[in-house]
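Worksheet: the structure to be examined is printed underneath.
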2 protein chains.
Amino acid sequence: MRDAPDDRPLTASSLSRGAGVALWRQISETLEREISDGVHAAGARLPTEAELAERFGVNRHTVRRAMAELEEHGLIDVTQGRGTFVHLGAIAYLIGRRTRFHENMRRENRHARLELLDSAIEPAPTAVARELEIAAGVRVIRLDTRSHADGLPLSLASHYFPATRFPGLVEIFRETGSVTASFARYGIADYTRKRTRVSARLPDSREQRLLEIARTRPVMATEAINVDAEGQVVEFGLSSFASDRIQLVFEG
Amino acid sequence: MRDAPDDRPLTASSLSRGAGVALWRQISETLEREISDGVHAAGARLPTEAELAERFGVNRHTVRRAMAELEEHGLIDVTQGRGTFVHLGAIAYLIGRRTRFHENMRRENRHARLELLDSAIEPAPTAVARELEIAAGVRVIRLDTRSHADGLPLSLASHYFPATRFPGLVEIFRETGSVTASFARYGIADYTRKRTRVSARLPDSREQRLLEIARTRPVMATEAINVDAEGQVVEFGLSSFASDRIQLVFEG
DNA sequence: GGGTATTTGTTCGTATGTATT
DNA sequence: TAATACATACGAACAAATACC
């Protein structure tokens with residue numbers, strides 16, 4: 001009853017109805033294959049939902065379900081009013097135990113930038129106080145930053161420092177644009193990462209906006225503790241990395 | 001024109017139509033608040049989609065969109081035919097540089113199990129050969145495992161070992177159920193993690209099934225290299241961790 | 001074990017809203 | 001402003017998985 005003789009392009013690739021596989025999944029798998037085969041180049045615009053619905057002989061909702069799947073897996077980027085585009089390849093970036101952000105980016109030949117989003121001096125939240133090994137409520141400096149590589153946002157971070165040890169840190173950071181360079185002003189020539197916790201989750205709306213990632217693309221959330229040569233905690237950092245653009249590498 | 005005087009329960013919490021916020025989002029935010037407020041306890045069953053549609057005065061599709069959002073963020077677990085349940089709190093599990101799986105679980109007072117899914121002796125794929133520092137095509141032993149804590153799956157892994165150095169490893173592992181214990185049989189009393197790469201992504205269908213996680217819950221994918229006391233590479237492991245149940249901790 | 005009710009999953013159709021070009 | 005393209009929402013029907021008797 002449904003065989004459509006030959007009035008449709010080859011690409012119709014006839015879905016099998018009533019088999020165990022949902023139509024939307026067959027469509028997403030077809031498009032995934034076409035993308036990996038290069039039928040649709042990276043950055044290229046895909047046909048509109050209406051056109052795809054026509055091509056596969058299904059309702060537009062069914063196409064939308066397939067597109068949602070592809071977006072979820074980071075293969076496409078969808079924007080209302082503009083269209084749907086094949087996702088541009090990820091930028092790889094490594095982070096190590098003693099490696100600094102700018103150093104790292106230089107090695108990768110990328111243009112690095114650490115943008116200061118916000119700063120404050122405030123009483124330490126209990127969790128922050130515990131990690132900095134100071135009493136709860138003692139004042140800490142908070143720097144909220146966003147890192148970029150070649151203009152593309154890589155990560156968001158909140159850096160916490162004990163306020164008494166680093167007077168005027170905010171201004172110095174604003175000047176240097178680097179945590180490492182700021183530490184140098186206080187005589188800290190070397191500091192190491194004592195511990196890093198890593199987890200993965202989906203981004204909240206702030207992260208979606210500032211990292212420019214889709215709702216469905218996971219971030220890696222890290223908690224890092226940096227200590228000076230004497231083992232004193234000098235920084236506690238909470239970061240979220242766009243997992244599509246970064247791979248964390250721990251040497252040890 | 002639509003104001004519904006007072007014939008509806010308090011919980012109707014009247015959505016605002018035509019405001020800037022989509023109905024499905026208002027619903028998901030309402031339910032999220034109720035969950036965090038304890039109106040729906042962890043593990044408790046939520047009302048059915050039909051009931052929620054009735055309660056909010058919307059179509060079931062609209063409720064489903066809200067539920068998809070909550071599932072995406074790990075707040076609920078949805079199973080066809082069973083219903084929708086508030087997500088049970090995550091099990092925290094730590095992994096360090098010299099820490100072993102069983103050791104780790106003992107410290108956490110959890111019942112550990114390392115299940116052998118598959119094993120083979122095969123020519124090393126190029127990527128594996130590079131990491132093991134052997135020639136491409138040289139035979140390696142592959143162990144595919146699944147780890148459990150208290151019966152809940154935590155991670156999947158493929159472990160690669162140079163075949164010449166570990167003859168009979170498959171049988172020994174089947175006997176001991178532990179990589180560390182197996183190594184001991186070959187005189188390797190100590191080994192350390194040389195490098196670990198971490199990234200995050202959404203699970204493929206195999207991972208969804210074997211880790212028992214929803215399509216939208218990210219996994220942390222790791223590549224780890226273990227070396228013996230002489231610095232010789234003894235194992236290359238590819239793992240994926242259920243990020244809802246594990247947090248990776250790197251000490252260093 | 002088997003049949004039935006319940007609950008979520010898929011698919012179609014239609015209409016209207018909103019962002020971009 | 002107009003056209004295009006994705007986003008939201010409603011209604012209906014059936015499929016598939018599970019729970020219950």
Side-chain angles (χ1 to χ4, degrees), chain A residues 1-2 14-29 31 40 44-72 75-87 205 208-209 212 214-216, chain B residues 1-2 4 14-31 40 44-72 75-87 205 208-209 212 214-216:
Chain A
M1 200 189 281
R2 174 169 255 284
S14 50
L15 308 178
S16 67
R17 304 176 97 96
V21 186
L23 294 179
W24 65 261
R25 182 161 286 282
Q26 297 180 53
I27 294 172
S28 73
E29 283 169 359
L31 292 174
H40 311 287
R45 181 173 175 182
L46 289 179
T48 68
E49 293 174 350
E51 286 166 343
L52 289 171
E54 164 86 8
R55 165 182 164 190
F56 288 107
V58 299
N59 190 271
R60 193 165 72 90
H61 284 311
T62 309
V63 168
R64 280 178 63 73
R65 182 66 189 82
M67 300 302 248
E69 181 75 5
L70 293 175
E71 190 187 19
E72 227 171 52
L75 276 75
I76 63 173
D77 299 309
V78 185
T79 317
Q80 179 174 174
R82 269 180 15 103
T84 306
F85 302 84
V86 179
H87 185 75
S205 59
Q208 290 167 34
R209 190 179 67 251
E212 296 168 21
R215 215 185 53 250
T216 57
Chain B
M1 198 190 282
R2 173 169 254 286
S14 48
L15 309 179
S16 68
R17 303 177 96 96
V21 187
L23 294 180
W24 65 260
R25 181 160 288 283
Q26 298 181 51
I27 294 170
S28 74
E29 282 169 359
T30 300
L31 292 175
H40 311 287
R45 181 172 177 183
L46 289 178
T48 67
E49 294 174 351
E51 286 167 344
L52 289 171
E54 165 86 5
R55 165 182 165 191
F56 288 106
V58 299
N59 190 273
R60 189 163 74 97
H61 284 310
T62 310
V63 169
R64 280 178 63 74
R65 181 66 189 84
M67 300 302 248
E69 181 76 6
L70 293 175
E71 191 188 19
E72 229 170 50
L75 276 76
I76 62 174
D77 299 309
V78 186
T79 316
Q80 179 176 174
R82 261 173 34 95
T84 306
F85 302 84
V86 179
H87 184 75
S205 58
Q208 289 166 36
R209 191 180 65 250
E212 296 169 21
R215 215 187 49 252
T216 57

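Computed from a predicted model, the values in this text were never measured in an experiment. Reminder, nothing fancy here: chain letters follow the sequence lines and each chain counts from 1.
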Boundaries of the DNA chain D segment in contact with chain A, non-hydrogen, under 4.0 Å:
D:dA5 to D:dA9
Heavy-atom pair of closest approach, residues B:Arg45 and B:Arg82:
NH2-O, 3.1 Å
Return yes if some donor-acceptor pair links the side-chain N/O of B:Glu69 with the main-chain N/O of B:Arg25 below 3.5 Å, else return no.
no
Protein within reach of the bases, or only the backbone? For nucleotides 7-15 of chain C, mark each nucleotide 5' to 3' as B, S or -, using heavy atoms under 4.0 Å.
BBBBBBBB-
Does the side chain of B:Thr62 come within less than 4.5 Å of B:Phe56's, by heavy atoms?
no
Derivation of the side-chain contact (heavy atoms from CB on, under 4.5 Å) call for B:Leu52 and B:Ile27:
CA-CA 9 Å; B:Leu52 289 171; B:Ile27 294 170; over 6 Å; no
Testing the basics here: between B:Glu72 and B:Thr216, what is the closest heavy-atom pair and its distance to 0.1 Å?
CA-OG1, 3.2 Å
I need the minimum non-hydrogen distance between B:Arg17 and B:Gly57, along with the two atoms involved.
NH1-O, 3.6 Å
Nearest heavy-atom neighbours spanning B:Ile76 and B:Met67
CD1-O, 3.6 Å
